[in-house]
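Here is the naming used below: chain letters follow the sequence lines, and residue numbers restart at 1 for every chain.
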Number of protein chains: 2
Amino acid sequence: MVKSDIGTEKVILEAAKRVFHERGLAGARMQQIADEAGINKALLHYYFRNKEQLFKAVFTDAFAQVIPQINEIFDADQPLLDKIRTFAVRYTTLLMENHYLPGFIIQEINNNPNFAAEYLTPERRPNPQKLLSQIREEVEAGRIRPVEPLQLVVNLLGLCLFPFIAAEMIRHVTGMSKAQYQRFLAERQKHIPEFVINAITP
Amino acid sequence: MVKSDIGTEKVILEAAKRVFHERGLAGARMQQIADEAGINKALLHYYFRNKEQLFKAVFTDAFAQVIPQINEIFDADQPLLDKIRTFAVRYTTLLMENHYLPGFIIQEINNNPNFAAEYLTPERRPNPQKLLSQIREEVEAGRIRPVEPLQLVVNLLGLCLFPFIAAEMIRHVTGMSKAQYQRFLAERQKHIPEFVINAITP
DNA sequence: GTCTATAGCCAGATAGAC
DNA sequence: GTCTATCTGGCTATAGAC
């Protein structure tokens with residue numbers, strides 16, 4: 001440990017995140033990661049043995065950014081309708097700051113389905129159990145319309161995530177600029193809860 | 001044209017679709033496509049010059065499967081609420097028969113944003129104009145709740161597409177089998193229109 | 001810890017026989 | 001039209017100097 005740089009590892013990881021998020025595992029090039037990090041390829045291997053390990057670090061990080069936050073809201077001690085509002089606002093905000101994450105995660109799991117089991121360990125995985133039973137209770141009490149709880153949760157997730165996953169597509173079809181699209185996404189923070197709550201309120 | 005096989009080209013294209021849909025452009029291997037087609041690599045190049053051309057054929061085909069169908073419903077002469085029902089049913093059915101398509105298209109556009117402009121030519125692109133103005137009219141007439149038309153269209157698309165794009169993820173988290181997931185998707189054909197119509201009906 | 005140079009492999013593409 | 005054999009380039013990974 002002559003120069004013992006904690007900095008270099010961090011710089012590499014950040015560069016790797018950018019490249020992997022943009023191009024995926026198969027499309028990423030170690031050379032590009034080195035270039036973005038301002039170092040040379042050999043150092044990548046010095047810090048992270050090989051491409052697979054480097055990817056592993058990036059992919060694990062991706063889940064760490066997202067899953068605890070989701071579960072925190074899922075498990076919060078909050079009435080259902082408030083929780084829906086909180087979820088839309090906080091999750092959208094999180095994604096606006098990490099807009100590549102949803103597409104990246106979904107792409108890698110689709111290309112390599114066993115990644116789901118490898119990375120979504122029992123401790124670290126989205127756990128909607130509490131939210132699901134909360135929905136069930138509200139339905140049974142007649143406070144919201146009868147609805148299959150899982151369908152509702154998938155709806156909420158889809159409404160939040162889809163505009164990030166399909167961003168380039170939607171932007172192209174509508175002709176929105178990046179700035180306009182940002183505004184569109186921000187407006188969804190109010191729109192989504194209103195939409196969902198209208199849908200389930202008797 | 002000694003044996004003039006229209007069959008071989010078709011066989012190659014079908015094999016290429018399977019492999020590209022599953023692994024994406026960067027992850028696909030010409031060798032695997034040849035294997036799946038039951039022929040050898042050289043023949044791939046005989047029919048489709050190179051990997052890029054073969055991909056182009058597959059990607060173009062992907063849009064051709066989906067876009068005309070969407071536009072047909074978007075442009076149909078049908079009251080808004082009926083159109084929403086039709087869309088959820090027909091689009092979900094279409095995707096159940098081509099469940100790799102949404103993830104494939106979105107992945108390639110995200111990895112290579114200029115593909116959007118290259119493949120979504122003015123003639124062949126989703127065109128929600130008529131649906132958007134239909135929504136605007138219903139809002140202005142007070143027959144549905146005030147809602148930003150584009151938000152509603154994105155909601156409808158997201159509700160239909162998300163469970164296909166994130167299928168592996170959702171299946172893993174919920175522990176559903178493929179058969180169970182099929183049933184879940186089928187149920188959404190009734191669930192989605194009910195959900196959306198409840199959300200916008202005063 | 002960081003670099004240059006290079007080994008080794010793999011995948012896309014071509015040559016040429018049948 | 002289809003095959004086998006081979007070339008070529010690019011990319012991951014390592015050796016070794018500083």
>> I'd like to know if the side chain of E108(A) and the backbone of L25(A) have a donor-acceptor N/O pair within less than 3.5 Å.
In response: yes

> Over how many whole Å does the gap from F48(A) atom CZ to dT12(D) atom C1' extend?
Replying inline: 16 Å

>> Distance check needed: dG1(D) P versus L44(B) CG, whole Å only.
In response: 15 Å

>> Rounding to an integer number of Å, can you tell me how far I12(A) CD1 sits from dT2(C) C1'?
In response: 10 Å

>> Rounded to whole Å, please give me the gap between CE in M30(A) and P in dG8(C).
In response: 19 Å

>> Check this one for me: any side-chain N or O of Y46(A) less than 4.0 Å away from OP1 or OP2 of dC3(C)?
In response: no

>> Using a 4.0 Å heavy-atom cut-off, does A28(A) contact any base of the nucleic acid, only the sugar-phosphate backbone, or nothing at all?
In response: sugar-phosphate

> Looking only at atom types and distance, does a side-chain atom of H21(B) sit under 3.5 Å from a main-chain N or O of K17(B), one as donor and one as acceptor?
Replying inline: yes

>> I'd like to know if the side chain of K130(A) and the backbone of N71(A) have a donor-acceptor N/O pair within less than 3.5 Å.
In response: no

> Would you find a donor on one side and an acceptor on the other, under 3.5 Å apart, between the side chain of Q134(B) and the backbone of Q78(B)?
Replying inline: yes

>> If only side-chain N and O atoms count, and only distance matters, is there a donor-acceptor pair under 3.5 Å linking Q65(B) with D61(B)?
In response: yes

> What integer distance in Å separates H45(A):NE2 from dC3(C):C1'?
Replying inline: 15 Å

>> Strictly below 4.0 Å: does T8(B) bring a side-chain N or O up to OP1 or OP2 of dG1(D)?
In response: no

> Using a heavy-atom distance cut-off of less than 4.0 Å, which residues of residues 32-40 of chain B contact DNA chain D?
Replying inline: I39(B), N40(B)

> Judged by modelled atom types alone, do Q31(A) and D35(A) share a side-chain donor-acceptor pair under 3.5 Å?
Replying inline: yes

> For the pair made of NZ in K51(A) and C1' in dC11(D), what is the distance, rounded to whole Å?
Replying inline: 8 Å

> Starting at NZ of K41(B) and ending at P of dA13(C), how long is that distance when rounded to a whole Å?
Replying inline: 10 Å

> How close or far is atom C1' of dA15(D) from atom CG of L43(A), stated in whole angstroms?
Replying inline: 15 Å

>> Test your reading of the model: is there a side-chain donor-acceptor pair from K83(A) to the backbone of A76(A), 3.5 Å cut-off?
In response: yes

